[in-house]
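Following: one structure in structure tokens, then a few remarks.
A note on names: the letters A, B, ... follow the listed sequences, proteins ahead of strands, and every chain is numbered from 1. What's counted below: heavy atoms across the whole structure, side chains too, no hydrogens, waters or symmetry copies.
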There are 2 protein chains.
Amino acid sequence: MKINISITDDHKMVLQGIQSMLNNTPEIKVVETYETAQETINGLEKQCPDVLLLDINLPDINGIDLSKQLLKKHSDLKIIALTNFEDISFVKRMLKQGVHGYLLKNTDKLEILEALKTVLSGELYLQKDIQKKLINQTPKQTFNNGLNIKLTRREQEVLQAISEELTTHEISEKLFISPKTVETHRSNIMLKLGAKNSVGMIKIAIENDLLT
Amino acid sequence: MKINISITDDHKMVLQGIQSMLNNTPEIKVVETYETAQETINGLEKQCPDVLLLDINLPDINGIDLSKQLLKKHSDLKIIALTNFEDISFVKRMLKQGVHGYLLKNTDKLEILEALKTVLSGELYLQKDIQKKLINQTPKQTFNNGLNIKLTRREQEVLQAISEELTTHEISEKLFISPKTVETHRSNIMLKLGAKNSVGMIKIAIENDLLT
DNA sequence: TTATTTTCAGGGGAAACCCTTAAAAATCCT
DNA sequence: AGGATTTTTAAGGGTTTCCCCTGAAAATAA
């Protein structure tokens, strides 16, 4: 039995590169390649591979949402995130969504094979350097980006209130502070969580169990 | 071993009523009563009962959020929702949060005892009439309120886009429709989900697995 | 052909979001 | 105890987005 894999990447070159790297490997078969998130979603409907190598910097949908979506539909699918992005916080978010591996794009053939076998055996695959980074994470050194989110007591209260559909003004009355202060907090929370608006804020908050 | 229960209700009369109904029952002990959500949260920190009879129409926090919160902190706690509210959709949302029973307030002593025993044995307790309603639910008869949410194809797309932190304008471009149309959809979605704003929308959407 | 869905508009008010600046207040450090 | 840091507070002032109401015409579906 061959291992069926599909690849999604918006750069044709990357697509080609990986494909040629893998195509002369007898135990691997690249069944499909996609260039957008939407293509991938549609494609997997018809043909779901064993493993999907997924670039997570796609134009249409972000990698976190996409992998979440795909995994929900295809519970047996293994996803290996593929990216140049070495941001640890991002890795964490991906893993939290249930992604099975995380590869940087400057990877050689051997490592890809290794990764494929690892995830197929049900284990998590992380590259050495990413592993190191994850381990060397003293809670200090992630400050404002991504996971490992440290909200202050007050920010936590404001976040909670926002999640309860209160308006800025209502929150200010509830906490006995000025609306302007609430705005400041809201905006700081968004910065810390990396959200574009309240909706993103609440999404990330829920994902990361920030709501009591 | 007595069964320790606490009661939360903002109407003193109800509090009194239930308490007197239960106090001359040897196997039950009412350890605390609370009148607000906040009191309850604080109170359970010190003294967590076996079962909490919880009115879900409290002034400060809504029942769904509150029970979710309490259950997260006190995983062994059983909660029986207490309400006049016969809305099936609401019942469903409560159950989804992990509430163990749902009692209407016009309940007699026997039924309360029955409910307490049932939830303590780990089962779900629902009153006969609510059970009936749940069963007789043809997918038709819930239209605009609460659970059993039926979003149209387009609404689903708009919801998804909103959850991806896109603005109305961005969504309109993505879906090739007018911003005004997007607004209409947004507003219809909020109506269907019973949300006050986009934040509530996304919260409910996530709770109910409406996002792909 | 009714019902539902999708489309769109005008117009207005509220709320959110952004940027900057900054002063108390609480907390931490040695 | 005294300075350093973080947190909390707040304002001014502007832009954008959201939310609400009404009304209505196509396009689809039942």
Side-chain angles (χ1 to χ4, degrees), chain A residues 138-145 148-206 210-212, chain B residues 138-145 148-206 210-212:
Chain A
T138 67
K140 268 276 133 104
Q141 68 197 152
T142 47
F143 33 106
N144 96 348
N145 55 347
N148 228 318
I149 300 154
K150 292 248 154 60
L151 295 186
T152 67
R153 182 144 62 288
R154 212 44 160 175
E155 285 165 351
Q156 167 64 39
E157 289 174 320
V158 171
L159 171 63
Q160 185 66 35
I162 292 174
S163 86
E164 282 159 14
E165 301 181 289
L166 304 185
T167 66
T168 298
H169 183 245
E170 288 167 336
I171 297 171
S172 80
E173 285 179 335
K174 179 174 183 175
L175 301 181
F176 305 107
I177 54 182
S178 145
K180 274 294 184 183
T181 307
V182 177
E183 284 192 12
T184 304
H185 287 310
R186 179 169 20 75
S187 146
N188 287 335
I189 298 167
M190 288 201 296
L191 197 67
K192 285 191 181 178
L193 302 204
K196 286 214 263 290
N197 54 34
S198 295
V199 163
M201 201 166 110
I202 256 50
K203 249 184 48 178
I204 299 174
I206 293 177
L210 263 34
L211 300 180
T212 54
Chain B
T138 68
K140 267 281 135 103
Q141 69 198 151
T142 48
F143 32 104
N144 95 344
N145 53 346
N148 225 317
I149 300 155
K150 290 251 153 58
L151 295 186
T152 67
R153 182 150 54 285
R154 211 46 160 175
E155 284 165 351
Q156 167 65 39
E157 288 173 320
V158 172
L159 171 62
Q160 185 67 35
I162 292 174
S163 86
E164 281 159 15
E165 301 181 290
L166 304 186
T167 66
T168 300
H169 183 245
E170 288 167 336
I171 298 171
S172 80
E173 285 179 336
K174 178 174 183 174
L175 301 181
F176 305 107
I177 54 182
S178 146
K180 275 295 185 184
T181 307
V182 177
E183 284 194 10
T184 304
H185 287 310
R186 179 168 23 74
S187 146
N188 287 333
I189 298 167
M190 288 201 297
L191 198 67
K192 286 191 181 178
L193 303 202
K196 287 214 263 289
N197 54 35
S198 294
V199 164
M201 202 167 110
I202 256 50
K203 250 184 46 179
I204 299 175
I206 293 177
L210 262 35
L211 300 179
T212 55

Are any side-chain N or O atoms of A/E170 and backbone N or O atoms of A/T167, one a donor and one an acceptor, separated by less than 3.5 Å? yes
Going by the side chain to side chain donor-acceptor pair (under 3.5 Å) test, name the single residue among B/H185, B/Q160, B/K192 that passes it with B/E155. B/K192
Students should find that the end-to-end axis angle of the helix from C/dT1-D/dA30 to C/dT30-D/dA1, with five pairs defining each axis and rounding to 10 degrees, is 80°
Side chain to side chain donor-acceptor pair (under 3.5 Å) partners of B/S187, counting only residues at least two apart: none
Counting primed atoms plus P, OP1 and OP2 as sugar-phosphate and everything else as base, spell out the protein contacts along nucleotides 3-18 of chain C at 4.0 Å heavy-atom distance: B, S or - for each nucleotide, 5' to 3'. --SSBBBBB----SBB
Show your reasoning for whether side chain to side chain contact (heavy atoms under 4.5 Å, CB included) applies to B/V182 and B/L175. CA-CA 9 Å; B/V182 177; B/L175 301 181; 5.6 Å; no
Identify, with sequence neighbours excluded, every residue that meets side chain to side chain donor-acceptor pair (under 3.5 Å) alongside A/T168. A/R186
Integer-rounded Å distance: D/dT17 C1' and B/E165 CD: 14 Å
Whether B/K203 side chain and A/S163 backbone form a donor-acceptor pair below 3.5 Å: yes
Residues in side chain to side chain donor-acceptor pair (under 3.5 Å) with A/E165, at least two apart? none
Suppose we screen for side chain to side chain donor-acceptor pair (under 3.5 Å). Which residues come up paired with B/E157, at least two apart in sequence or across chains? B/R154
Whole angstrom is fine here: how far is it from CD in A/E157 over to P in D/dT7? 14 Å
d(CG, A/L191; C1', C/dT20) in whole Å: 14 Å
Can you tell me the distance, in whole Å, between the CD1 atom of B/I202 and the C1' atom of D/dC18? 13 Å
